[in-house]
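Below is one structure; the comments refer to it alone.
As the structure is a prediction and not an experimental result, all values here were calculated from the model.
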Amino acid sequence: MTKNEEKALRVKYLRNLEKFFNGAISALKKEDFDKTKFEERMLKNAKFFEKNPAVNLNSTYAKNLEFFVNACLDFSKEKNELLNLANALDKQKKQGEKKEKHKNYLSCRGMLLGN
């Protein structure tokens, strides 16, 4: 398998994880949360993964995302536990969006300008 094919599979798998995550969050945050409906919806959303097999993930965010999906499909965790996991995952994603290279660029620029 070429490097581009591996990358394409990884991207598809991550997109499916994100779709599942978003569906799980919306179901968990409903005011009229029903565990049986949640389980049905998660099983339906699990079909995302039938077309694309799981791939090896490197980043901690992606691994935690995969852990959350597996926790949702396990059905042993309570709503509050899943919400805590989702909130931590969301926080991790927002922290990862800040690029280090931009911070370094700005600090180097300040040194060049004599600030």
Side-chain angles (χ1 to χ4, degrees):
M1 185 179 303
T2 66
K3 206 168 192 174
N4 285 337
E5 290 172 340
E6 286 178 24
K7 186 176 180 180
L9 286 176
R10 184 177 291 111
V11 168
K12 286 179 184 178
Y13 184 61
L14 282 171
R15 283 184 185 155
N16 286 337
L17 288 173
E18 289 281 344
K19 279 184 196 176
F20 188 96
F21 174 73
N22 291 330
I25 292 297
S26 67
L28 286 168
K29 290 187 176 181
K30 284 187 176 179
E31 289 184 23
D32 58 339
F33 177 79
D34 182 20
K35 190 164 177 95
T36 56
K37 287 182 181 178
F38 176 76
E39 290 176 6
E40 288 173 12
R41 186 168 179 185
M42 293 304 102
L43 289 173
K44 181 182 172 190
N45 289 350
K47 293 178 183 176
F48 292 144
F49 304 109
E50 290 177 3
K51 296 174 190 168
N52 299 318
V55 295
N56 190 16
L57 301 172
N58 299 327
S59 75
T60 42
Y61 169 72
K63 288 178 183 177
N64 289 339
L65 184 63
E66 190 174 40
F67 176 79
F68 175 79
V69 168
N70 289 331
C72 285
L73 292 172
D74 186 20
F75 304 125
S76 64
K77 298 205 182 294
E78 294 297 318
K79 175 186 174 183
N80 291 335
E81 291 178 87
L82 292 173
L83 279 173
N84 288 340
L85 285 173
N87 289 338
L89 193 59
D90 201 31
K91 184 177 179 182
Q92 184 181 15
K93 181 180 180 179
K94 287 180 182 174
Q95 286 176 345
E97 289 174 355
K98 296 177 184 174
K99 301 262 184 195
E100 283 294 321
K101 63 183 178 183
H102 298 301
K103 291 179 185 176
N104 291 338
Y105 167 75
L106 293 175
S107 64
C108 292
R109 186 173 170 218
M111 285 190 283
L112 289 174
L113 296 174
N115 293 336

Check: Which heavy atom of N45 sits nearest a heavy atom of G23, and at what distance?
Finding: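 Looking at all heavy atoms of both residues, the closest pair is ND2-CA, 4.2 Å.
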Next item on the list: Identify the heavy atoms of A62 and L14 that sit nearest to each other, and give their distance.
Entry: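 In this case the closest contact between A62 and L14 is CB-CD2, 3.6 Å.
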Next item on the list: Please tell me if the side chains of F48 and L17 come closer than 4.5 Å, counting only heavy atoms from C-beta onward.
Entry: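 Heavy-atom side-chain distance check fails, nothing below 4.5 Å.
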For [X], enumerate each residue passing the side-chain contact (heavy atoms from CB on, under 4.5 Å) test, keeping only those at least two apart in sequence or located in another chain.
X	value
K12	N52
E50	K47
A54	Y13, E66
N87	none

Notebook entry, point to check: Restricting to pairs with a member in residues 75-85, which pass side chain to side chain donor-acceptor pair (under 3.5 Å), not counting sequence neighbours?
Noted result: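 Every pair satisfying side chain to side chain donor-acceptor pair (under 3.5 Å) with a residue in residues 75-85: D74-S76.
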Distance-only donor-acceptor hits, side chain of residues 36-44, under 3.5 Å, sequence neighbours excluded:
{"residue": "T36", "atom": "OG1", "partner": "D34", "partner atom": "OD1", "Å": "3.4"}
{"residue": "T36", "atom": "OG1", "partner": "D34", "partner atom": "OD2", "Å": "3.0"}
{"residue": "R41", "atom": "NH2", "partner": "S26", "partner atom": "OG", "Å": "3.2"}

Check: Do any pairs count as a ring pair (Phe, Tyr, Trp, His ring centres under 6.0 Å) and have a residue in residues 68-96, sequence neighbours left out, and if so which ones?
Finding: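 Those involving residues 68-96 are F21-F68.
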Item checked: Spacing of CG belonging to L28 relative to NZ belonging to K35, to within rounding of 0.5 Å ->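 Interatomic distance, L28 CG to K35 NZ, rounded to 0.5 Å: 9.5 Å.
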Notebook entry, point to check: Out of curiosity, N70 CG to L65 CG, how far, rounded to the nearest 0.5 Å?
Noted result: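 N70 atom CG to L65 atom CG measures 10.0 Å (nearest 0.5 Å).
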For a quick test of your reading: what N or O donor-acceptor pairs under 3.5 Å do the side chains of residues 1-11 make, sequence neighbours left out?
{"residue": "T2", "atom": "OG1", "partner": "E5", "partner atom": "N", "Å": "3.3"}
{"residue": "E5", "atom": "OE1", "partner": "T2", "partner atom": "N", "Å": "3.1"}

Check: Does CZ in F33 sit with more than 12 non-hydrogen atoms of other residues, nucleotides or ligands closer than 6.0 Å?
Finding: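 It does: F33 CZ has more than 12 such atoms within range.
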Checklist line | Contacts of type side chain to side chain donor-acceptor pair (under 3.5 Å), residue N64, not counting sequence neighbours | finding: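 Side chain to side chain donor-acceptor pair (under 3.5 Å) check on N64 returns Q92.
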Check: Who are the salt bridge (charged side-chain N to carboxylate O under 4.0 Å, His left out) partners of E18, not counting sequence neighbours?
Finding: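 E18: salt bridge (charged side-chain N to carboxylate O under 4.0 Å, His left out) contacts with K93.
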